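All of these numbers come straight from a predicted model, not from anything done at the bench.
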Amino acid sequence: MRYFIIAFVILNSAFCIGQKAEFSVDKGTFTFPKTKEGPVITHDFVITNTGTDELVISDYKVSCPCTKVILPAPILPGDTGIIQVNFETKGKYYEQDRSIILITNTKKGTEKVRFKVFVIPEED
């Protein structure tokens, strides 16, 4: 009986360790249409958890404070969530190519989404 309990604990631990959240996005790079300088533009990335554990996106990193991100609540296995990206175009000109690094509980630990936009400068 003791060996059965030890084997059960080992197998159960191995099964739990093998559970991971997996991040899947249908389109990792989004291109906005040409936009005049000034407005805040928004895009929603649809994220699916294809893993076996809850997907948690705990934080993000961007290279410019002009990009704000609203993160979803934890996503259960098989469910989807929305990452909303807001980009302030005021003071930005021409080609803009921005990456958002997401801090997650996936095996890699980080995931990335990206957007591009051509901003037409405001005339004086």
Side-chain angles (χ1 to χ4, degrees):
M1 182 69 174
R2 183 173 57 189
Y3 294 115
F4 176 74
I5 293 172
I6 292 171
F8 177 76
V9 170
I10 291 171
L11 288 174
N12 192 31
S13 296
F15 180 73
C16 290
I17 291 171
Q19 290 185 332
K20 283 287 180 190
E22 291 186 31
F23 180 97
S24 176
V25 59
D26 59 341
K27 190 174 180 184
T29 301
F30 178 77
T31 303
F32 288 97
K34 287 184 179 180
T35 304
K36 289 185 178 180
E37 177 192 358
V40 175
I41 54 177
T42 300
H43 178 69
D44 291 340
F45 287 94
V46 178
I47 306 301
T48 302
N49 179 1
T50 57
T52 56
D53 198 9
E54 186 178 72
L55 173 61
V56 178
I57 304 171
S58 57
D59 202 3
Y60 67 93
K61 295 178 183 177
V62 292
S63 61
C64 173
C66 56
T67 304
K68 306 284 187 218
V69 179
I70 298 173
L71 300 174
I75 305 169
L76 295 174
D79 281 353
T80 59
I82 301 292
I83 295 174
Q84 185 182 74
V85 176
N86 300 295
F87 179 65
E88 171 67 61
T89 62
K90 185 75 175 168
K92 306 295 179 243
Y93 314 109
Y94 309 115
E95 282 292 334
Q96 301 292 313
D97 186 347
R98 305 290 170 154
S99 293
I100 298 129
I101 306 298
L102 302 162
I103 310 303
T104 69
N105 65 336
T106 60
K107 186 176 182 180
K108 292 186 336 188
T110 59
E111 303 290 340
K112 183 171 84 171
V113 292
R114 182 175 164 200
F115 68 88
K116 299 177 181 181
V117 62
F118 186 91
V119 180
I120 302 166
E122 184 177 72
E123 294 182 25
D124 294 323

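Between Glu122 and Lys90 the shortest side-chain heavy-atom distance falls below 4.5 Å. Using a 4.5 Å cut-off on side-chain heavy atoms (C-beta onward), Thr67 and Val85 make contact. A 4.5 Å side-chain heavy-atom check between Cys66 and Gln96 finds every atom pair outside the cut-off. The side-chain heavy atoms of Lys27 and His43, taken from C-beta on, include no pair separated by under 4.5 Å.
Judged by distance alone, with hydrogens and angles left aside, the side-chain atoms of Glu37 form a donor-acceptor pair with the main-chain N or O of Gly91 at under 3.5 Å.
Taking CG from Leu76 and CG from Asp53, the interatomic distance works out to 9.5 Å, rounded to the nearest 0.5 Å. Taking CD of Glu22 as the start and OG1 of Thr48 as the end, the distance is 12.0 Å to the nearest 0.5 Å.
Here the closest heavy-atom approach between residue Ala21 and residue Leu55 is recorded as CB-CA, 3.6 Å. Of all non-hydrogen atoms in Arg98 and Ser63, the two that sit nearest each other are NH1-OG, 3.9 Å. In this structure, Gly51 and Pro77 approach most closely via the heavy-atom pair O-CB, 3.3 Å.
Checked options Asp44, Val25, Ile57; the residue passing with Ile83 is Ile57 (criterion: side-chain contact (heavy atoms from CB on, under 4.5 Å)). When the options Ile120, Ile41, Val40 are evaluated for a side-chain contact (heavy atoms from CB on, under 4.5 Å) with Thr89, the one that passes is Ile41.
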Expected list for residues 101-119: side-chain donor-acceptor pairs under 3.5 angstrom, two or more places apart:
unit_1, atom_1, unit_2, atom_2, d
Thr104, OG1, Thr106, N, 3.3
Thr104, OG1, Thr106, OG1, 2.7
Asn105, OD1, Val56, N, 2.9
Asn105, ND2, Glu54, O, 2.8
Thr106, OG1, Gly109, N, 3.4
Thr106, OG1, Glu111, OE2, 3.1
Lys108, NZ, Glu111, OE1, 3.4
Arg114, NE, Asp97, OD1, 2.8
Arg114, NH2, Asp97, OD2, 2.7

